[in-house]
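Index from 1, following the sequence.
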Amino acid sequence: MGFLNTLIIVLAAILLVIGINWLYYFIMGKYYATVIEQEEFRKGMRKAQVIDVREKKEFDGGHILGARNIPYTVLKDSMTAIRKDQPVYLYDGTKTLSVRAAKKLYKNGYRNLYVLKEGYEGWDGKKKKKNS
């Protein structure tokens, strides 16, 4: 019975950490950016800067048509390529990196920040792949 109790405690701790992590990104997403559904993203993306914050290899494997790639790892050095006077639409695979990117941009004076709710994994709109 001791092993079973230990296993239950470990699993409960793992679930708690996952829940806290999800809550953290949910709150950060609400504070630094507006999290939007696909339909709203699709409607506004023509008048916005659509930025994929995944690494180049992932971007080349497939991305939202019209997006440009500024990986999160180089975002700090590439901010001058992003205009502050236009909306910024961010996405990554799920949403985690986009929220982190929004926080970084917000702290540097950007305000019209939007994050695709389900990220690229949930995107059912037009996509583009780089031919190898």
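- You'll find the side chain of Asn69 stays beyond 4.5 Å of the side chain of Asp60, heavy atoms only.
- Once rounded to the nearest 0.5 Å, the distance linking CD of Glu40 with OH of Tyr114 reads 7.5 Å.
- Residue Pro71 is tested with Glu55, Arg54, Lys57 for a side chain to side chain contact (heavy atoms under 4.5 Å, CB included); the sole match is Glu55.
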*Decide yes or no on side-chain contact (heavy atoms from CB on, under 4.5 Å) for Gln38 and Trp123, but give the supporting numbers first.*
CA-CA 7 Å; Gln38 278 193 56; Trp123 181 255; 3.8 Å; yes
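- Side-chain contact between Arg68 and Val50 is absent, with no heavy-atom pair separated by less than 4.5 Å.
- The environment of Lys104 atom NZ is dense: over 12 non-hydrogen atoms of other residues, nucleotides or ligands sit within 6.0 angstrom.
- Using the six-membered ring where Trp is involved, Phe41 and Tyr91 have ring planes that are perpendicular, over 60° apart on the 30 and 60° scheme.
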*After noting the C-alpha distance and the side-chain angles of Tyr89 and Ile36, does the key distance pass the side-chain contact (heavy atoms from CB on, under 4.5 Å) rule?*
CA-CA 9 Å; Tyr89 280 31; Ile36 57 176; 3.9 Å; yes
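- A distance of 10.5 Å separates NZ of Lys107 from CE of Met79, quoted to the nearest 0.5 Å.
- In this structure, Lys128 places its NZ atom where only 12 or fewer heavy-atom neighbours from other residues, nucleotides or ligands lie under 6.0 Å away.
- Between Arg100 and Asp92, the closest side-chain pair of non-hydrogen atoms is not below 4.5 Å.
- Under a hydrophobic-cluster definition in which Ile, Leu, Val, Met, Phe, Trp and Tyr are linked whenever side-chain heavy atoms come within less than 4.5 Å, directly or via other members, Met45 and Leu113 are assigned to different clusters.
- One hydrophobic cluster, built from ILVMFWY side chains closer than 4.5 Å, cannot hold both Leu116 and Tyr32; they sit in different ones.
- The same ILVMFWY cluster, assembled from side-chain heavy atoms under 4.5 Å apart, contains both Tyr106 and Ile51.
- How far CG of Asn112 is from CD of Gln49: 10.0 Å, rounded to the nearest 0.5 Å.
- In this structure, OG1 on Thr6 lies 11.0 Å from CG on Leu11, to the nearest 0.5 angstrom.
- Between Glu39 and Arg42, at least one side-chain nitrogen of the basic residue sits less than 4.0 Å from a carboxylate oxygen of the acidic one, meeting the salt-bridge criterion.
- Looking at heavy atoms from C-beta onward, Ile64 lies in side-chain contact with Tyr120 at the 4.5 angstrom threshold.
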